[in-house]
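Scope of the values below: all heavy atoms of this structure, side chains included, with no hydrogens, waters or symmetry mates.
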Amino acid sequence: MNIAVIFAGGVGCRMNSKVLPKQFLLMYGKPIIIHTLEKFDRHLEIDAIVISCIESWIYYLEELVKQYNLQKVKSIVPGGQTGQLSIYNGLLAAEKLAHGERSIVLIHDGVRPLIDEKLIHNNIENVKLHHSAITCVKVSETVLMINDADENSIEYIPERRKTRLARAPQSFWLEDILTAHRVALENGVFNFIDSCSLMQAYGRKMFLIEGPLENIKITTPDDFYIMKALLDAREDSQIYGLPD
């Protein structure tokens, strides 16, 4: 099976929304998370979707799933106290769905809706070939590594050509990522920033694949308006025949 594990546990403090968590904010009359879920629900290679959601918003999300007729959403589970624990809860739900079948999981942010069909396919194929697929983009500006003791002091500047930004999906064989999570929990570690960091920490070699630049995460108001502009551009390309 190919299972999408969608992380929708954030409350969106940086978005400054006073009413809704960021994943439920409307974009063209549709919640951001629905834009994301539809990409996976419509993809022919995705068999099931699991969502890890803020517990108090699960009922609201269940109603949205019904409203938008998302057939592949098979489980919505409560998020945990950290992002790592929220993803772990989603992986446990994926394990139940797999029923022992060797499966691929694509771990993706609910607020990263500009993923495309090709990227989902490439993640699946590269897990089959390389046991992992970490979506990334090339860095277009200089990255500065700062000194631990003085945030205004530069420790070193990595070569730009050797630098990438990790994005999502981050995809693995289900048993591999679950094993790493369980080792982390046994070691009392609960705060890995993402699945790539967790797997790397426990000695797994990560295989990088390049994704589209527009596959951004909606975290701040600026991101929200960038996404809106990108969606406008996509709509215009359909109407006026502009290049993608």
Side-chain angles (χ1 to χ4, degrees), residues 1-8 32-52 70-74 83 87 90-91 94-95 97-98 101-140 160-181 192-200 204-219 223 226-227 230-231 233-234 237-238 243-244:
M1 292 183 73
N2 300 320
I3 305 171
V5 176
I6 308 299
F7 169 52
I32 290 172
I33 192 168
I34 298 301
H35 285 278
T36 304
L37 292 171
E38 285 180 338
K39 298 294 179 62
F40 289 93
D41 197 70
R42 295 170 180 171
H43 200 286
L44 295 178
E45 294 175 274
I46 296 296
D47 300 301
I49 300 170
V50 170
I51 311 168
S52 180
L70 300 175
Q71 297 295 312
K72 293 181 181 178
V73 175
K74 303 301 182 185
I87 291 170
L91 292 171
E95 185 178 41
L97 287 175
E101 179 182 343
R102 195 176 192 216
S103 299
I104 291 171
V105 288
L106 296 86
I107 301 169
H108 192 70
D109 304 302
V111 290
R112 203 182 287 272
L114 295 175
I115 187 172
D116 58 29
E117 183 175 335
K118 180 181 178 182
L119 183 56
I120 293 172
H121 170 76
N122 286 346
N123 267 260
I124 293 169
E125 289 304 305
N126 279 283
V127 172
K128 292 176 182 177
L129 292 170
H130 305 287
H131 302 280
S132 65
I134 307 301
T135 304
C136 67
V137 294
K138 293 178 180 177
V139 172
S140 60
R160 189 184 299 180
R161 67 183 180 86
K162 294 183 178 179
T163 308
R164 299 291 185 273
L165 296 177
R167 290 194 170 171
Q170 298 184 1
S171 305
F172 313 91
W173 290 109
L174 175 58
E175 64 265 30
D176 291 347
I177 184 66
L178 267 175
T179 296
H181 270 271
F192 276 106
I193 192 85
D194 62 7
S195 299
C196 173
S197 302
L198 186 154
M199 293 289 271
Q200 185 80 8
R204 299 282 185 164
K205 186 176 180 181
M206 299 292 97
F207 186 83
L208 301 182
I209 63 171
E210 193 166 346
L213 287 172
E214 63 266 26
N215 180 30
I216 62 172
K217 185 176 180 180
I218 312 303
T219 302
D223 299 328
I226 290 170
M227 176 193 166
L230 289 167
L231 287 174
R234 286 188 176 184
S237 72
Q238 295 179 43
D244 293 336

Verify, without hydrogens or angle tests, whether [X] (side chain) and [Y] (backbone) share a donor-acceptor contact under 3.5 angstrom.
X: S103; Y: E101; value: yes
X: S132; Y: F207; value: yes
X: Q170; Y: I134; value: no
X: K39; Y: L114; value: no
X: D47; Y: N2; value: yes
X: D109; Y: R112; value: no

Handout entry: Test side-chain contact (heavy atoms from CB on, under 4.5 Å) applied to R102 - qualifying residues, sequence neighbours left out
Key = H131, W173, E175
Practice task
Check the side chains of D41 and Q71 for a donor-acceptor pair under 3.5 angstrom, ignoring hydrogens and angles.
Solution key: no
Practice task
State, without any angle test, whether E117 and H43 hold a side-chain donor-acceptor pair at a distance under 3.5 Å.
Solution key: no
Practice task
Specify the closest pair of heavy atoms between I107 and S195, including all atoms of both residues, with the distance to one decimal.
Solution key: CD1-OG, 3.4 Å
Exercise for the section: Starting at OG1 of T36, measure out to CZ of F7 and round the result to the nearest 0.5 Å. Expected result: 13.0 Å
Problem - salt bridge (Lys or Arg N to Asp or Glu O under 4.0 Å) pairs, two or more places apart, involving residues 123-134 - result: E125-K128
Problem - Residue L165 excluded, over 12 heavy atoms near CG under 6.0 Å - result: yes
Exercise for the section: Check whether more than 12 heavy atoms from other residues, nucleotides or ligands sit under 6.0 Å from atom CG of L44, and answer yes or no. Expected result: no
Practice task
In plain terms, say whether R204 and D176 are close enough for a salt bridge, that is, a side-chain N and a carboxylate O under 4.0 Å apart.
Solution key: yes
Handout entry: side chain to side chain donor-acceptor pair (under 3.5 Å) partner of S171, the single match among N126, N123, T135
Key = N123
Practice task
Run the numbers on L70 and E38 for side chain to side chain contact (heavy atoms under 4.5 Å, CB included), then give the verdict.
Solution key: CA-CA 7 Å; L70 300 175; E38 285 180 338; 3.8 Å; yes
Practice task
Please find out if less than 6.0 Å separates the ring center of H108 from that of F40.
Solution key: yes
